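Worth saying up front: this structure is predicted, and the values here are computed from it rather than measured. Remember, it's 1-based here, ligands and their atoms both numbered in the order they're listed. All heavy atoms count here, side chains included; hydrogens, waters and symmetry mates do not. For the single chain, residues carry numbers from 1 onward in sequence order.
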Amino acid sequence: MNQHAPSQPIGIFDSGIGGLTVADAIVKHLPKENIVYFGDTAHLPYGDKSASTIQAYSVKIAHMLLQQQCKLILIACNSASAAAFELVREYIASKAIVMNVIDPVILLLRDHYPNKNIGLIGTRQTVNSNVYKKKIDDLNRGIQVTSLATNLLASAIEEFGNGKAIDGVLEEYLSHPTLKNLDALVLACTHYPIVKTKIAHYFDHSMEIIDPSDTVAKAVKAHLADANLLNVGGPGMKRFYVSDYTESFATGTKIFFDEKITLEHYPLWE
Ligand code: DGL
């Protein structure tokens, strides 16, 4: 990776604006980094799509981020991380570092949650791929994992944000018997941290809610440091692209990202 320079941007992509929860954490941990974000709003939600469709989208987006000279491409979507990480990594080869949002969480569980009862909520694609369960079982740390697909939750969060209307949707999913008697619950969709306070409240703080955003941001920092690609000189420029621009997405970004940002339309599919 030595042909890269620290000033090259970090590329981040998601099915929509959910990955902004991760982008937000990355900006906090790495304020000097230049960032290019791509939200594939034209194809949202990914959680319902087949693995091969998500793979095709992801490879094309990774190609676009490469054209933007990204030194690191982060798949900030669990559904795409589950379905397309290996393929994107193969496609990009040594042209950039490729990371997903799943592996940093697996390492966190390995180090801090041995012999615990872990629950996981995510899209149908993420849960049905079984990728978390396989990786957790491979750790051999006595971690029990139970997963529940909460498929409409990401779209409901896009629609209602953290507002009152989301309470009924959460109640519907979180009352599932699978989620009883857990030590911790992994939010395995990058949209879910938006409602993490409500989730913690629903369980009356009886279990820990694992929001992967910070863990992923720290892993990105460590990877860049290892490759001598940390940008310490600034200026921390950010571009936010979406494949389908609507006012509601533009408004929605305010819930996902502290800073005021401007979404630009990038006609990747036109
Ligand atoms: N943010 C995506 C994830 O982390 C899910 C949303 C979707 O279904 O597109 O899985």
Which distance, rounded to the nearest 0.5 Å, do you find between the OG1 of Thr21 and the CG of Asp211? 7.0 Å
Per-atom contacts of ligand 1 with Cys189, taking only distances under 4.0 Å to non-hydrogen atoms: 1 (N), 2 (C), 3 (C), 4 (O), 5 (C), 10 (O)
Count the heavy atoms of every other residue, nucleotide or ligand shown that sit under 6.0 Å from CG of Asp111, and state whether that count exceeds 12. yes
Is the shortest distance from a Lys or Arg side-chain nitrogen in Lys164 or Asp167 to a carboxylate oxygen in the other one below 4.0 Å? yes
With atoms numbered from 1 as shown, which atoms in ligand 1 lie under 4.0 angstrom from a non-hydrogen atom of Gly47? 7 (C), 8 (O), 9 (O)
Relative to ligand 1, is Asp14 under 4.0 angstrom through side chain, backbone, both or neither, heavy atoms considered? side chain
Provide the number and element of each atom of ligand 1 under 4.0 Å from a heavy atom of Leu44. 9 (O)
For Tyr46, counting its heavy atoms only, list the atoms of ligand 1 lying under 4.0 Å from any of them. 7 (C), 8 (O), 9 (O)
Which ligand 1 atoms are under 4.0 Å away from a heavy-atom of Ala154? 6 (C)
Could you tell me if the ring centre of Phe38 sits under 6.0 Å from that of Phe13? no
Consider every N or O of Thr126 and every N or O of ligand 1, then say whether any pair is closer than 3.5 Å. no
When you measure from the heavy atoms of Cys77 to every atom of ligand 1, does any distance fall below 4.0 Å? yes
Assess the side chains of His223 and Asp226: does a donor N or O sit below 3.5 Å from an acceptor N or O? no
Checking the N or O distance criterion of under 3.5 Å, is ligand 1 in contact with Asp48? no
